[in-house]
Amino acid sequence: MPVATPEVYAEMLDKAKRESFAYPAINVSSSQTLNAALAGFAEAESDGIIQISTGGAEYLSGPTVKDMVAGSLAFAAFAHEVAKKYPVNVALHTDHCPKDKLDGFVRPLLAASTERVKQGGLPYFQSHMWDGSAVPLDENLQIAEELLAASAAANVVLEIEVGVVGGEEDGVVGAIDDKLYTTPADALATVEALGTGDKGRYLTALTFGNVHGVYKPGNVKLRPSVLDAAQKAVQEKYGVERAFDFVFHGGSGSTAEEIAEAVSYGVVKMNIDTDTQYAFTRPVADHMFRGYEGVLKVDGEVGNKKQYDPRAWGKAAEAGMAARVVEACQHLSSTGTRV
């Protein structure tokens, strides 16, 4: 199947919320990691979301070029071709875009999609994220309103973040303090600004103790009940049940119980990056150490081409990451749920 159309993406999100599961959103930065994500989703018979960050987009354009828009469009073009060979739907998404990168990342991509849609085509990406966690809430939501209108015009879903995710990702650093927990008042302010779908569809990353980075289970103090409180606050004031489509950020180190509880409150998307990076790199390290003399031309020897051929260790890396994607689908109960 091809990359999901806007209509298929909407049905994917509706199905996840209706049937209480979530899609893994896998960060990629190369054709190899994209292929690994696709293989994992196909094995799990799960639709899914594949996303790139600002850093990933720069890298995809070439480390000496560092053009986020060029990298994003190249990624989208490649993904549209290779995804046709897999029996699952995937949506393309851009991850964490802070204020200082909007003009060099999300806004031009939205403009490109709008022009493409006007000409009868489909948007390049199915959703984009505006990360306003580093600015005051009023400013965050003001920018979100503008981006939501632009996204709706391009038939694209907007993702926003209200609250702060701790740790660091692509240069965006969040302190680990009380701001990690979004309040019901923050949730109400979000709906007052963006509506409940009437102004365009959006996904909401409310924070409930989430932290980017590497953590063992139990080290991250998550409170998924924050999500339940937000849904109930909106229902009480606006009469809309489960108004939010939630996104779970900074999930490394989360327990299975915490993930299941968050999904029960309306999480439809969970970002996964740290764990899949490790799953991709670990087999490469194993290949290099086990085949040290074949990979390197030790003491002037010629080495073993079959061992240093990038395809040799690349296949192992992709298989390792694909297996971790399957595991993510199992944890989020998306296995076997393709639209």
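Predicted model, so just to flag it, every value in this text is computed and none were measured. Sequence positions, counted from 1, serve as the residue numbers for this chain.
- Under the side-chain contact (heavy atoms from CB on, under 4.5 Å) criterion, V8 pairs with A4, T5, M12, N89, not counting sequence neighbours.
- Here E11 pairs with R18 in a salt bridge; the nearest charged N to carboxylate O distance falls below 4.0 Å.
- Although no hydrogens or angles enter the test, the distance criterion places a donor-acceptor pair under 3.5 Å between the side chain of Q231 and the main chain of A243.
- A donor-acceptor pair under 3.5 Å is absent between the side-chain atoms of D309 and the main chain of K305, judged by distance alone.
- Within the model, atoms SG of C97 and CZ of R107 stand 8.5 Å from one another, a figure rounded to the nearest 0.5 Å.
- Looking at N140, its side chain does come within 3.5 Å of a backbone N or O of E161 through a donor-acceptor pair.
- Across all non-hydrogen atoms, the minimal contact from A154 to V117 is O-CG2, 3.5 Å.
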Margin query: Set out, in order, the CA-CA distance, both residues' side-chain angles and the distance that settles side-chain contact (heavy atoms from CB on, under 4.5 Å) for H80 and Y124, then state yes or no.
Written below: CA-CA 9 Å; H80 272 80; Y124 289 99; 5.8 Å; no

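- Looking only at distances, no side-chain donor or acceptor of S113 sits under 3.5 Å from a matching main-chain atom of L110.
- A distance-only check finds no donor-acceptor pair linking the side chain of T94 to the backbone of H128 [under 3.5 Å].
- Under the 3.5 Å distance criterion, the side-chain polar atoms of K199 are matched with a main-chain donor or acceptor of A193.
- Under the side-chain hydrogen bond (donor to acceptor under 3.5 Å, both in side chains) criterion, R324 pairs with D275, not counting sequence neighbours.
- Not a single side-chain hydrogen bond (donor to acceptor under 3.5 Å, both in side chains) links R242 to another residue, sequence neighbours left out.
- In the hydrophobic clustering of this structure, L137 groups with L147; members are Ile, Leu, Val, Met, Phe, Trp, Tyr whose side-chain heavy atoms approach within less than 4.5 Å, directly or through other members.
- L122 is not connected to V90 by any chain of hydrophobic side-chain contacts under 4.5 Å among Ile, Leu, Val, Met, Phe, Trp and Tyr, and they are in different clusters.
- Both V234 and V162 are assigned to one and the same hydrophobic cluster, defined by single-linkage of ILVMFWY side chains at heavy-atom distances under 4.5 Å.
- Considering only heavy atoms from C-beta on, Q277 stays 4.5 Å or farther from N27 through its side chain.
- Sorted by first and then second residue, the pairs that involve residues 325-335 and meet side-chain hydrogen bond (donor to acceptor under 3.5 Å, both in side chains), not counting sequence neighbours, are S46-S334.
- R201 has a carboxylate O that lies under 4.0 Å from a charged side-chain N of D245, or vice versa, which qualifies the two as a salt bridge.
- Rounded to the nearest 0.5 angstrom, D47 CG and T337 OG1 are separated by 6.0 Å.
- The side-chain heavy atoms of T190 and Y202, taken from C-beta on, include a pair separated by under 4.5 Å.
- A single hydrophobic cluster is not seen to contain both V28 and Y278; linkage of ILVMFWY side chains at heavy-atom distances under 4.5 Å, directly or through other members, places them apart.
- In this structure E115 satisfies the side-chain hydrogen bond (donor to acceptor under 3.5 Å, both in side chains) test together with Q119, sequence neighbours excluded.
- At distances below 3.5 Å, not a single donor-acceptor pair connects side-chain atoms of H287 with backbone N or O atoms of P283.
- The side-chain heavy atoms of V157 and L203, taken from C-beta on, include a pair separated by under 4.5 Å.
- A distance of 13.0 Å separates OG1 in T196 from CD in E241, rounded to the nearest 0.5 Å.
- For the atom pair CE of M321 and CZ of F280, the computed distance is 7.5 Å after rounding to the nearest 0.5 Å.
- Note: I143 CD1 to L148 CG = 13.5 Å, rounded to the nearest 0.5 Å.
- A76 and L92 make their closest contact through CA-CD1, 3.9 Å (heavy atoms, listed as atom of the first residue, atom of the second, distance).
- Grouping Ile, Leu, Val, Met, Phe, Trp and Tyr by side-chain contacts under 4.5 Å, direct or through others, leaves M129 on its own.
- At most 12 heavy atoms of other shown residues, nucleotides or ligands fall within 6.0 angstrom of atom CD in E293.
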Do any side-chain atoms of residues 66-74 form donor-acceptor pairs under 3.5 angstrom with protein atoms, and if so which ones, sequence neighbours left out?
from, atom 1, to, atom 2, distance (Å)
D67, OD1, V69, N, 3.1
D67, OD1, A70, N, 2.9
S72, OG, M68, O, 2.7

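- With sequence neighbours excluded, no residue satisfies salt bridge (Lys or Arg N to Asp or Glu O under 4.0 Å) with K315.
- In plain terms, the two heavy atoms of G132 and W130 that are nearest each other are CA-CZ2, 3.3 Å.
- Counting heavy atoms from C-beta on, the side chains of F248 and V263 never come closer than 4.5 Å.
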Next item on the list: Go through D138 and Q142 one step at a time and tell me if the side-chain hydrogen bond (donor to acceptor under 3.5 Å, both in side chains) criterion holds.
Entry: CA-CA 6 Å; D138 288 348; Q142 184 179 8; over 6 Å; no

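- Across all their heavy atoms, I52 and A57 have their closest contact at CD1-CB, 4.0 Å.
- Scored by the salt bridge (Lys or Arg N to Asp or Glu O under 4.0 Å) test, E43 finds no partners at all (sequence neighbours excluded).
- Summarising the geometry of A144 relative to I160, their closest heavy-atom pair is CB-CG2, 4.0 Å, with the distance given to 0.1 Å.
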Side-chain donor-acceptor pairs of residues 222-229 under 3.5 Å, sequence neighbours excluded:
from, atom 1, to, atom 2, distance (Å)
D228, OD2, K232, NZ, 3.1

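- Scored by the side-chain hydrogen bond (donor to acceptor under 3.5 Å, both in side chains) test, E159 finds H93, H249, K269 as partners (sequence neighbours excluded).
- Taking the side chain as every heavy atom from C-beta outward, F41 and I50 approach each other to under 4.5 Å.
- Its side chain within the 4.5 Å cluster rule, V284 clusters with M288, Y292, V295, L296, V298, Y308, W313 among the Ile, Leu, Val, Met, Phe, Trp and Tyr residues.
- Heavy-atom minimum distance, A230 versus L206: CB-CD1, 3.5 Å.
- By the 4.5 Å heavy-atom criterion applied to side chains, F125 and V156 are not counted as neighbours.
- Ring geometry for F246 versus F244: interplanar angle under 30°, hence parallel rather than tilted (30 to 60°).
- Environment of CD in E236: sparse, with no more than 12 heavy atoms of neighbouring residues, nucleotides or ligands closer than 6.0 Å.
- Atom CG of L109 sits about 11.0 Å away from atom CG of L102, to the nearest 0.5 Å.
- Looking only at distances, no side-chain donor or acceptor of N35 sits under 3.5 Å from a matching main-chain atom of Q32.
- Y9 and S127 are linked by a side-chain donor-acceptor pair at a separation below 3.5 angstrom, with hydrogens and angles left out of the test.
- Connection of L141 to V240 is established within a shared hydrophobic cluster, with ILVMFWY side chains joined at heavy-atom distances below 4.5 Å, either directly or through further cluster members.
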